[in-house]
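What follows is a set of notes on a single structure, which appears directly below.
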Amino acid sequence: PAEENGDFSALLPSTQLVSPFTGQPYTNNQIPVDPVAQQIMKKYMPLPNTNQGGFNYAYFSGGRESVNQFIARIDDNLNARNQLMVHFMYAKRSSLIAEGNPYFNDNESLPIYNAALQYVHTLSPTLVNELRLGIDFESDKLLTTYAGTNFTAASIGINGFVQPNGQPWPPSEEGFPVFSTNELIGVGSNFGIGLDQGKTYQVVDNMTWTHGTHTVIFGGDVRHEIGR
């Protein structure tokens, strides 16, 4: 508690702290404390949990992941010359990423939707047409602990943390500023916020022509991709 208030007098007389700005020693090892920094440290900096090997904090980083998926498919021989296939696939991966600071975790979700239709029409014993239509939709969301909540940087005393146009960040993109040093565990999330969506539309048409021992396949593949 004393050090949280800038009081390092317990280190005297063996260790005298010196100001990195002036080069002068701090009187009685008392360091001036910024109230905003002090509030952040007390609320979001974990307390020491070990004293081994010259370190006072130990942790492991990790997480957990779950994946769920299913696929449904229907094949129908409409008649001797026409076959139809339809499928729908859904998959979702959810991850929790734990960092060294227990106050900051990251959640990622990646749902995928995929649907396709295939129609095969036999025009003659030597000529077959195949049509495929498909759509794929993916939405990747990486959210920090405080995304989507009422948290703002101003609530911890940091002002001016706004978008380039001067407007506040929307709740889904509001993050905790990152504070890091070489010697202390960081405060804030190192992964940031990621919101990515992608759609792919595809049309494929192939014509297969057989003549004797020769087979010729020709057609086209058109794709339209949208990402943001």
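Along the sequence shown, residues carry numbers from 1.
Between Asn56 and Asn51 there is no side-chain heavy-atom pair separated by less than 4.5 Å. Proximity of Glu138 to Asp196: side-chain heavy atoms (C-beta onward) are nowhere separated by under 4.5 Å. The shortest side-chain heavy-atom distance between Pro111 and Lys141 does not fall under the 4.5 Å cut-off. Using a 4.5 Å heavy-atom threshold, the side chains of Asp221 and Gln202 count as touching. Proximity of Thr152 to Pro168: side-chain heavy atoms (C-beta onward) are nowhere separated by under 4.5 Å. Looking at heavy atoms from C-beta onward, Gln69 lies out of side-chain contact with Met89 at the 4.5 angstrom threshold.
Nearest heavy atoms, Tyr26 versus Gln16: O-NE2, 3.0 Å. Here the shortest heavy-atom pairing between Val162 and Trp169 reads C-NE1, 3.3 Å. Here the closest non-hydrogen pair linking Pro177 and Ala153 is CG-CB, 4.3 Å. The minimum heavy-atom distance between Leu47 and Tyr57, with the atom names listed, is O-CD1, 3.5 Å. Between Ser9 and Asn28 the shortest heavy-atom distance is CB-O, 3.4 Å. Nearest heavy-atom pair, Phe137 versus Lys199, reported as atom, atom and distance to 0.1 Å: CD1-CG, 3.3 Å.
Taking CG of Asp136 as the reference point, atom CG of Asn114 lies at 5.0 Å (rounded to 0.5 Å). The CG atom of Leu17 sits 4.0 Å away from the CG atom of Asn29 when rounded to the nearest 0.5 Å. A distance of 6.0 Å separates CG in Leu11 from CD in Glu3, rounded to the nearest 0.5 Å. To the nearest 0.5 Å, atom CD1 of residue Ile217 and atom CG of residue Asn206 are 7.0 Å apart. Of the inter-residue distances, the one linking Asp140 atom CG with Arg93 atom CZ reads 7.0 Å to the nearest 0.5 angstrom. Taking CG of Asn107 as the reference point, atom CG of Asn105 lies at 7.0 Å (rounded to 0.5 Å).
Without hydrogens or angle criteria, Asn68 side chain to Lys92 main chain gives no donor-acceptor distance under 3.5 Å. Looking only at distances, a side-chain donor or acceptor of Gln38 sits under 3.5 Å from a matching main-chain atom of Glu4. Checked by atom type and distance alone, the side chain of Asn101 never pairs as donor or acceptor with a backbone atom of Gly188 at under 3.5 Å. Not one N or O on the side chain of Asn5 forms a donor-acceptor pair closer than 3.5 Å with the backbone of Asp7. A donor-acceptor pair under 3.5 Å is absent between the side-chain atoms of Asn129 and the main chain of His121, judged by distance alone.
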>> Quick one, Asn82 with Leu84, criterion side-chain contact (heavy atoms from CB on, under 4.5 Å). Give me CA distance, side-chain angles, the key distance, then yes/no.
In response: CA-CA 7 Å; Asn82 297 280; Leu84 183 69; over 6 Å; no

>> Let's go through Ile226 and Tyr201 carefully: what are the C-alpha distance in whole Å and the side-chain angles of both, what is the deciding distance for side-chain contact (heavy atoms from CB on, under 4.5 Å) to 0.1 Å, and is it a yes or a no?
In response: CA-CA 9 Å; Ile226 303 174; Tyr201 301 92; 4.1 Å; yes

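Using a 30° and 60° split on the angle between ring planes, Phe176 and Phe104 fall in the perpendicular class, above 60°. The aromatic rings of Phe70 and Phe88 lie tilted to each other, with the angle between the two planes from 30° to 60°.
Counting non-hydrogen atoms of neighbouring residues, nucleotides and ligands closer than 6.0 angstrom, the CD atom of Gln52 reaches no more than 12 such neighbours.
Neither side chain, Asp75 nor Gln83, offers a donor N or O lying under 3.5 Å from an acceptor on the other.
Under a hydrophobic clustering in which Ile, Leu, Val, Met, Phe, Trp and Tyr are joined whenever their side-chain heavy atoms come within less than 4.5 Å, directly or via other members, Phe151 and Val187 fall into the same cluster. Transitive grouping of hydrophobic side chains (ILVMFWY, heavy atoms separated by less than 4.5 Å) brings Phe179 and Tyr59 into a common cluster. By the rule that hydrophobic residues join a cluster once side-chain heavy atoms approach within less than 4.5 Å of another member, Val120 and Leu117 end up as members of separate clusters. Phe8 and Met41 are assigned to two separate hydrophobic clusters, defined by single-linkage of ILVMFWY side chains at heavy-atom distances under 4.5 Å. Linking Ile, Leu, Val, Met, Phe, Trp and Tyr residues whenever their side-chain heavy atoms come within less than 4.5 Å leaves Phe218 and Val128 in two separate clusters.
Ionic pairing of Arg223 and Glu225 is not present here: no N-O contact between side-chain nitrogen and carboxylate oxygen is shorter than 4.0 angstrom.
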